[in-house]
Every structure is written in C-alpha cells, then in structure tokens.
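Down below is the structure, laid out as structure tokens.
Residue numbers start from 1 in every chain, and the chains themselves are labelled A, B, ... in the order their sequence lines are given, proteins ahead of strands.
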There are 2 protein chains.
Amino acid sequence: MTTGLRERKKQATRAALHEAALRLVAEHGLDRVSVDDIAAAAEVSPRTFFNYFPSKDDAVIGLDPEHPLRLAEALSARPTTETPVQALRAVHAAEAARMAAETELWPLRLQVVDAHPALAARLTASFARSEQLLAEWLAARTGTRAELDVQPTLLAAVQGSVMRSALHRWRAGDYTASLPALVAEGWDQVEAGFPVPHR
Amino acid sequence: MTTGLRERKKQATRAALHEAALRLVAEHGLDRVSVDDIAAAAEVSPRTFFNYFPSKDDAVIGLDPEHPLRLAEALSARPTTETPVQALRAVHAAEAARMAAETELWPLRLQVVDAHPALAARLTASFARSEQLLAEWLAARTGTRAELDVQPTLLAAVQGSVMRSALHRWRAGDYTASLPALVAEGWDQVEAGFPVPHR
DNA sequence: CAGGAAAAGTGCAGGGACTGCAAACATGCG
DNA sequence: CGCATGTTTGCAGTCCCTGCACTTTTCCTG
C-alpha cells in the first residue's frame with residue numbers, strides 16, 4: 001500500500017488543488033475565482049490543473065474518486081445475516097464518523113455547496129456513482145434485478161438522501177450535533193416508514 | 001390567465017429551443033451540438049438563446065421553471081386529514097400520469113440524461129428546487145422545523161428518489177410499464193420500511 | 001389609427017473554461 | 001549512467017456565456 005515519490009507527489013498536488021479551490025471559492029465566490037487563480041495558489045501551471053480535475057467544479061468538490069469502490073467493498077464485507085438496511089446503516093455509521101473527523105473540509109464544502117446550486121448538482125453527481133454500485137450490490141444481495149425491481153434503485157437513492165439530509169441538518173445546527181447520530185435518526189425514519197410526527 | 005401574442009410567441013420560442021436542443025443532443029451527443037446549432041434549428045440568433053436558458057444544459061433538460069410552485073400548490077390543496085406520505089402519494093400519482101402522457105419528450109430526456117452524467121446533475125438540480133419547497137410545506141404541515149428536524153428534509157429528498165427511481169425503471173423496461181404504477185410501487189416500499197424481499 | 005412605451009431580438013467584443021498537441025522535464029529501473 | 005515512462009507546461013484554438021448598445025416587434029393609450 002506504500003507509495004513511491006511519484007505517487008505521493010501526485011496525491012499532494014491533487015490535495016493542494018482541491019484545498020486551494022475550496023478555500024478560494026468559499027471566500028470569494030465561485031465566479032470570482034478562476035482556474036488560473038486556483039492553479040497559482042497550488043503552485044502549478046493552469047494547464048496542469050486539468051490533468052487532475054476535469055472541471056473547476058470538480059476541483060471545488062474534490063471527493064476521492066476511489067470512494068465509491070471502497071464503499072462497495074465495505075458493504076460486501078458485512079455479514080449476510082444482516083438485512084440490506086442494517087448493512088447500509090452500519091456502513092453509513094462508519095462513513096459519518098470519518099467525515100465528522102474532517103472538521104476542516106466538510107464544513108467548507110457544505111458552505112460552498114449551499115452558496116452555489118451548480119456545485120450542489122456536482123456533489124449529487126459524485127454520489128450518483130456510489131448509488132449505482134450500491135444498486136448492483138443490493139440486487140446481488142437480495143436476488144433482485146438492479147434495473148427493473150424496485151428496491152435496488154430506490155434504496156440506493158434513499159441511502160443518498162439519508163446522508164445528504166444528515167449533512168444538511170449538521171450544517172443547519174452549526175455542527176453542534178453528532179453526524180453519526182443525525183444519520184441514525186434518518187435511518188430510523190426510513191425503517192419506520194415516516195410516521196406522522198406527534199406534536 | 002389568457003395570453004397575448006407576445007406571451008404565446010415566447011412560449012413557442014422556448015419550446016422550440018428546448019425541443020431542438022433535446023433532439024439534436026439525443027442524436028449527436030452533448031459535445032457535438034453547439035449553442036449555435038440549437039439556435040439555428042430553432043430559428044433564432046445565438047444571442048437570443050441565452051434570453052431563454054442560462055446554459056446549454058438547461059435547454060436540453062428544459063423543465064418548466066414554474067413547476068415547483070404548482071407542486072407546492074397541489075400539496076396545499078390536499079385535505080389536512082391525510083398524512084404527509086398520503087398527500088405526497090396523491091400528488092405524485094397525478095404528476096406521473098401527466099408525465100406519462102408526454103410520450104415524446106420524457107423518453108428523449110431520460111435517454112440523454114442517461115448518456116451524459118452532467119445532464120443528470122442538472123436534472124437533479126431542477127428537482128432540488130421542488131424539494132426545498134416541499135421541505136417547507138412538510139415542516140408547516142407537521143409543526144416541525146424545516147432545517148433542523150429529520151422528517152421535512154429527508155422525506156422531501158426521498159420523494160425525489162421515488163420519482164427518479166420510477167423514471168429509471170420506466171426506461172429500463174422500455175416504457176412498457178405504467179409510470180404511475182412504478183411510482184406507487186416505490187411508495188409501498190417507503191411505507192413498509194424496505195422489507196427484505198422474499199425470494 | 002398614430003405614435004410612443006415596453007419588451008424581445010440581435011450583433012459585437014471579450015473573458016474564461018476546457019482540449020489537443022508537442023516540447024521540456026522528472027522519476028524509476030536496468 | 002542512460003533509457004523508458006510518466007508528468008508538467010506552453011500554445012493555439014473552440015466553445016460557453018455575458019454586458020452593452022442598437023434594432024425590431026408588440027402593446028397600449030390618446
């Protein structure tokens with residue numbers, strides 16, 4: 001799992017570009033920051049920027065492209081005695097804990113996403129890749145057809161909704177709540193079929 | 001509510017631009033169709049294109065910008081004896097029937113969205129506006145806080161998932177199934193809390 | 001129905017995102 | 001060391017999108 005110099009440098013450059021993009025956009029706004037600005041802040045040429053990210057938006061979001069695969073692996077590692085929802089809950093719990101530990105970047109990401117609908121769309125698109133793999137895993141797990149049966153596609157999408165809703169409330173409450181708790185609260189709703197709240 | 005010539009012409013131009021964009025992109029692919037091509041096909045100047053749509057992507061998707069508001073109205077018209085989920089089901093049923101009636105455009109939309117992830121992101125963004133209004137309606141209806149409590153945000157997002165999942169399966173089954181039925185099937189899953197499918 | 005107000009359409013100039021290509025440059029390996 | 005392979009960079013070019021100024025069309029009122 002260790003890395004040569006070359007690989008480490010690439011990771012560093014990628015991270016530098018992402019962080020520069022995120023911080024600059026958080027401070028000045030999406031359309032007042034150019035790719036040239038970002039490249040300059042990360043100390044690479046503008047042309048190099050596009051070796052790392054296909055678009056400015058992607059650099060601002062900057063999620064790990066390997067993430068969907070690791071998610072799928074984590075799910076496959078769950079015991080088959082669990083129901084699909086239980087397995088998803090467990091994986092989400094670990095995920096949320098990891099995200100909450102990044103106390104720097106996630107709040108910034110949520111801030112810029114909130115300020116720029118275009119970025120919200122990109123973030124959702126990033127999740128879409130995970131959802132597709134998830135649907136396939138669900139289909140395999142429950143013996144259903146990923147494309148045609150209800151549960152795989154829908155549950156994969158709902159899982160994304162649970163996470164996004166948790167992130168939204170996390171930010172709305174100024175990060176005082178625990179992200180894993182917010183996620184769990186979402187899953188409770190899902191498992192209970194959205195009961196009418198008592199006043 | 002009626003329309004002068006001016007208003008009717010605007011609607012016609014908007015529709016012409018959207019349909020031209022959709023058909024051209026469906027046939028040739030997103031990056032082989034320029035805004036100039038679309039404008040030419042709709043017989044307006046390229047500059048005029050941007051009086052109607054803020055971006056090429058939006059023209060391809062081309063959803064009615066008034067739609068979120070009509071959705072919110074439809075919901076407010078539901079009797080307060082219904083649970084939130086019941087009201088959403090009812091509105092979705094009407095919505096799905098209307099969409100299924102557009103036998104020309106929706107299949108094309110789903111085709112291009114499937115072929116171009118960037119467009120999927122835009123489509124989701126279009127839904128996002130509805131989801132926000134929905135969350136507010138839910139909060140008002142159930143006496144919860146839109147930003148902080150679980151149900152408004154999450155159920156609004158899940159509602160979107162139900163519709164998107166239905167659209168996905170509609171296309172996967174070559175439009176042989178009934179869209180309202182697919183939507184209903186989704187809501188059944190939600191209300192039942194995603195039970196383990198029996199094999 | 002004339003004529004002006006308001007709205008919509010258009011041309012032009014320009015900034016910025018992004019790509020293909022080919023030349024430097026760095027790294028890893030025999 | 002020296003070659004093979006991967007990375008960075010500059011350059012030229014296309015296309016998206018915007019602000020501004022100007023023309024054309026629709027509408028309305030006297």
For [X] and [N], give me the distance from atom [atom1] to atom [atom2], rounded to whole Å.
X: A:L17; N: C:dA17; atom1: CG; atom2: P; answer: 14 Å
X: A:D31; N: C:dG15; atom1: CG; atom2: P; answer: 16 Å
X: A:E7; N: C:dC29; atom1: CD; atom2: C1'; answer: 17 Å
X: A:D57; N: C:dA17; atom1: CG; atom2: C1'; answer: 10 Å
X: B:K9; N: C:dG9; atom1: NZ; atom2: P; answer: 9 Å
X: A:F50; N: C:dT19; atom1: CZ; atom2: C1'; answer: 9 Å
X: A:K56; N: C:dG15; atom1: NZ; atom2: P; answer: 16 Å
X: A:N51; N: C:dC25; atom1: CG; atom2: P; answer: 17 Å

Select base, sugar-phosphate, or nothing to describe what B:D36 touches, counting heavy atoms under 4.0 Å on all strands. nothing
Using a 4.0 Å heavy-atom cut-off across all strands, classify B:S34 as base, sugar-phosphate, or nothing. sugar-phosphate
Around atom CD of A:E43, are there more than 12 heavy atoms from other residues, nucleotides or ligands closer than 6.0 Å? no
Path from A:F127 to A:L133 over hydrophobic side-chain contacts below 4.5 Å: no
Side chain to side chain contact (heavy atoms under 4.5 Å, CB included) partner of A:V112, the single match among A:L119, A:L123, A:L30, A:L24: A:L119
Side-chain-base donor-acceptor pair under 3.5 Å for B:R47 and C:dG9: no
Looking only at side-chain N and O atoms, does [X] come under 4.0 Å of OP1 or OP2 in [N]?
X: A:S45; N: D:dT8; answer: no
X: B:K10; N: C:dA7; answer: no
X: A:Y52; N: D:dT8; answer: yes

Under the side chain to side chain contact (heavy atoms under 4.5 Å, CB included) rule, what do B:L71 and B:E95 come out as? Steps first, then yes or no, please. CA-CA 9 Å; B:L71 200 86; B:E95 186 81 355; 4.0 Å; yes
Nearest-nucleotide 5' precedence on DNA chain D, A:T13 against B:S55: A:T13
By nearest heavy atom, map B:R6 and A:T48 onto DNA chain D; which one lands nearer the 5' end? A:T48
Can you list the residues that meet the side-chain hydrogen bond (donor to acceptor under 3.5 Å, both in side chains) rule with B:T144, with sequence neighbours excluded? B:T142
